[in-house]
Amino acid sequence: MSYITVSYLTEAKSLEKKAEAIAVGMTVGSWTDLPAAKQEKLQKHLGRSAGATVYETTAEGLERGLIKVEYPVVNFTYDIPSLLTNVFGKLSMDGKIRLVDIDFPQEFTREFSGPKFGISGIRELLNVHDRPLFMSIFKSCIGLPLDELVEQFKLQVEGGVDLVKDDEIFFADEHAPFLDRIRACKEVTEASGRQVLYAVNLTGPVTGLVDKAKRAIENGANCLLLNVLPYGFDILAQLSRDPDINVPIMAHPAMAGALYQSSTYGISSPLVLGKLMRLAGADIGLFPSPYGSVALPRQEALDIATHLVEEIPGIKPTFPVPSAGIHPGMVPLLYKDFGLNHIVNAGGGIHGHPGGPVSGGQAFVAAIEATMQGIPLEQSKSQELLTAIEKWGIVK
Ligand code: 1AE
């Protein structure tokens with residue numbers, strides 16, 4: 001029989017006993033003795049403790065540390081709502097407990113299709129294979145008329161980006177309606193003669209998102225942006241599984257902080273933004289970088305990236321996008337930490353360049369080129385890059 005192993009950080013009088021209580025209580029039993037739980041036919045559904053590691057004993061005499069509980073794979077249907085409800089549904093409300101990690105056996109992961117494109121599929125679409133990709137974010141888009149938004153798109157493309165993403169807060173788009181801006185941005189891309197993916201924000205009632213995605217693609221959309229946590233992991237999985245949705249899906253981490261910020265409660269960021277996003281089918285996964293605004297501790301950001309790309313049989317890697325507050329002076333550090341296969345992503349760091357967004361884009365392109373050639377940024381001949389460094393500095 002195969003098991004999913006779940007690690008929790010928690011506290012109790014006895015961590016060993018707590019692990020055993022969860023193993024029974026979250027599978028066939030409850031908080032009290034249930035005669036029905038002892039039936040022979042239910043035993044294959046019974047969880048089991050895989051041990052406890054005590055880190056410290058509190059002044060109140062409570063053990064604090066890590067417990068591991070194994071859940072039989074037969075208890076799950078193959079989707080993230082089933083997974084999360086079983087391993088951290090009611091349990092998430094049971095005092096000080098944090099879901100740290102889940103180890104999946106192949107019997108479970110092989111039922112998921114994961115990203116449709118993954119890193120190599122996106123590189124093929126863009127025909128870029130030898131450097132990190134470069135993405136810009138629309139900034140100041142709510143309330144902008146279509147022509148101004150399209151002009152902003154044009155400037156970002158001129159700056160040399162490979163991808164442009166809508167700002168994730170762009171829901172109220174009546175001045176630049178969804179299908180109109182897809183068509184208009186497609187024209188700009190075609191006229192530029194470059195390959196650019198435009199991740200348009202997929203918004204509206206969740207029940208209509210699959211149809212809306214298909215309409216977007218019929219009108220020329222070549223990438224979709226989804227606020228996965230507000231909408232739910234399962235809609236990402238549905239979009240990703242649908243054979244007619246044949247464009248990459250970019251997963252935004254909006255709301256993730258509500259889950260991972262506490263060290264005592266919630267769900268760890270490597271699990272939410274790494275393992276689960278990939279399993280649910282994100283081709284491109286955004287997460288806070290270790291050094292910009294809304295920064296994550298470095299090791300957490302590295303762990304997210306590792307989960308997005310590590311070998312899982314049958315599941316393609318998700319493109320990691322360490323984001324938020326990124327400027328050109330961070331490019332060498334991003335490359336050192338995340339390597340060739342990541343996407344350099346910036347909003348303010350492009351639009352806030354003293355020379356405007358074209359110069360902002362060019363500064364990043366020069367920073368990526370210099371980094372790939374091992375040239376220190378301050379020795380670059382790009383005036384746009386030197387101006388960016390003067391404004392934001394170089395992060396070492
Ligand atoms: C972690 C998500 C980053 C994001 O979506 C965003 O809009 C960043 O903007 P900037 O680069 O911080 O201006």
Locate the shortest heavy-atom distance separating [X] from [Y]; write the atom from each residue and the value.
X	Y	answer
P322	I343	CD-O, 3.9 Å
G160	F134	O-CD2, 3.7 Å
L308	G274	CD2-O, 3.5 Å
M330	G325	CE-O, 3.3 Å
I182	G220	CG2-C, 3.7 Å
V74	H45	CG2-ND1, 3.8 Å

>> Could you walk me through whether H351 and I137 satisfy the side chain to side chain contact (heavy atoms under 4.5 Å, CB included) test, starting with their C-alpha distance in whole Å, then the side-chain angles of each, then the deciding distance to 0.1 Å, before giving a yes or no?
In response: CA-CA 9 Å; H351 301 280; I137 309 164; 5.6 Å; no
Linked, directly or transitively: [X] and [Y] (ILVMFWY side chains, under 4.5 Å):
X	Y	value
V188	V200	yes
I315	I249	yes
V73	F104	yes
V344	V395	yes
M250	V206	yes

Is it true that a side-chain atom of [X] and a backbone atom of [Y] form a donor plus acceptor pair closer than 3.5 Å?
X	Y	result
S240	A237	no
K316	K116	yes
N219	R215	yes
N341	I119	no
T27	V24	yes
D242	D244	yes
T57	E63	no
E384	G360	no
R64	L15	no
S289	Y291	yes

> Do the two ring centres, one from F108 and one from Y78, sit under 6.0 Å apart?
Replying inline: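 Distance test on ring centres: under 6.0 Å, yes.
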How are the rings of [X] and [Y] set to each other: parallel, tilted or perpendicular (split at 30° and 60°)?
X	Y	answer
H327	W392	parallel
F138	F153	parallel
H342	F338	tilted

What I'd like to find out is whether the side chain of [X] reaches to under 4.5 Å of the side chain of [Y], using heavy atoms alone.
X	Y	result
P132	I368	yes
L126	L163	yes
M255	N227	no
D103	K275	yes
M135	V164	no
Y8	F88	yes
L202	Y231	no
M277	H307	no

> Between K186 and E190, is there a salt bridge with N-O shorter than 4.0 Å?
Replying inline: yes
> So is K212 actually on top of F178's ring, under 6.0 Å and inside 45° of the axis?
Replying inline: yes
> Is R48 close enough and on-axis enough to Y3, meaning under 6.0 Å and within 45°, for cation-pi?
Replying inline: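 Checked: cation-pi criterion met.
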Only distances under 3.5 Å count here; give the side-chain donor-acceptor pairs of residues 260-267 to other protein atoms, sequence neighbours excluded, each with its distance to 0.1 Å.
unit_1 : atom_1 : unit_2 : atom_2 : d
S262   : OG     : T264   : N      : 2.9
S262   : OG     : Y265   : N      : 2.9

> For E151 and D147, what are the C-alpha separation, side-chain angles and deciding distance, and is it a side chain to side chain contact (heavy atoms under 4.5 Å, CB included)?
Replying inline: CA-CA 6 Å; E151 180 59 20; D147 57 341; over 6 Å; no
Measuring from [X]:[atom1] to [Y]:[atom2], what's the distance to the nearest 0.5 Å?
X	Y	atom1	atom2	value
L9	I67	CG	CD1	9.5 Å
D167	L225	CG	CG	9.0 Å
L340	R131	CG	CZ	10.0 Å
Y71	I4	OH	CD1	10.0 Å
C223	I122	SG	CD1	7.0 Å
I326	S136	CD1	OG	14.0 Å

Between the side chains of [X] and [Y], does any donor sit under 3.5 Å from an acceptor?
X	Y	result
T10	K18	yes
E16	S14	no
S269	E300	yes
N201	T203	no

>> side chain to side chain contact (heavy atoms under 4.5 Å, CB included), that's the test. Do I217 and N246 meet it? Break it down for me.
In response: CA-CA 8 Å; I217 292 163; N246 54 358; 3.7 Å; yes
> Checking salt bridge (Lys or Arg N to Asp or Glu O under 4.0 Å) for the pair K214/E218: CA distance, chi angles, key distance, verdict?
Replying inline: CA-CA 6 Å; K214 291 180 187 176; E218 284 158 15; over 6 Å; no
> Are more than 12 heavy atoms from other residues, nucleotides or ligands located less than 6.0 Å from atom CD of E390?
Replying inline: no
> Taking Y198 as the fixed residue, which of R181, K165, Q156 is the one that meets the side-chain hydrogen bond (donor to acceptor under 3.5 Å, both in side chains) rule?
Replying inline: R181
>> Walk me through whether H175 and L146 qualify under side chain to side chain contact (heavy atoms under 4.5 Å, CB included).
In response: CA-CA 6 Å; H175 300 291; L146 182 64; over 6 Å; no
>> I'd like to know whether D283 forms a salt bridge (Lys or Arg N to Asp or Glu O under 4.0 Å) with R278, so could you lay out the CA-CA distance, the side-chain angles of the two residues, the decisive distance to 0.1 Å, and finally the verdict.
In response: CA-CA 7 Å; D283 292 290; R278 181 174 173 193; over 6 Å; no
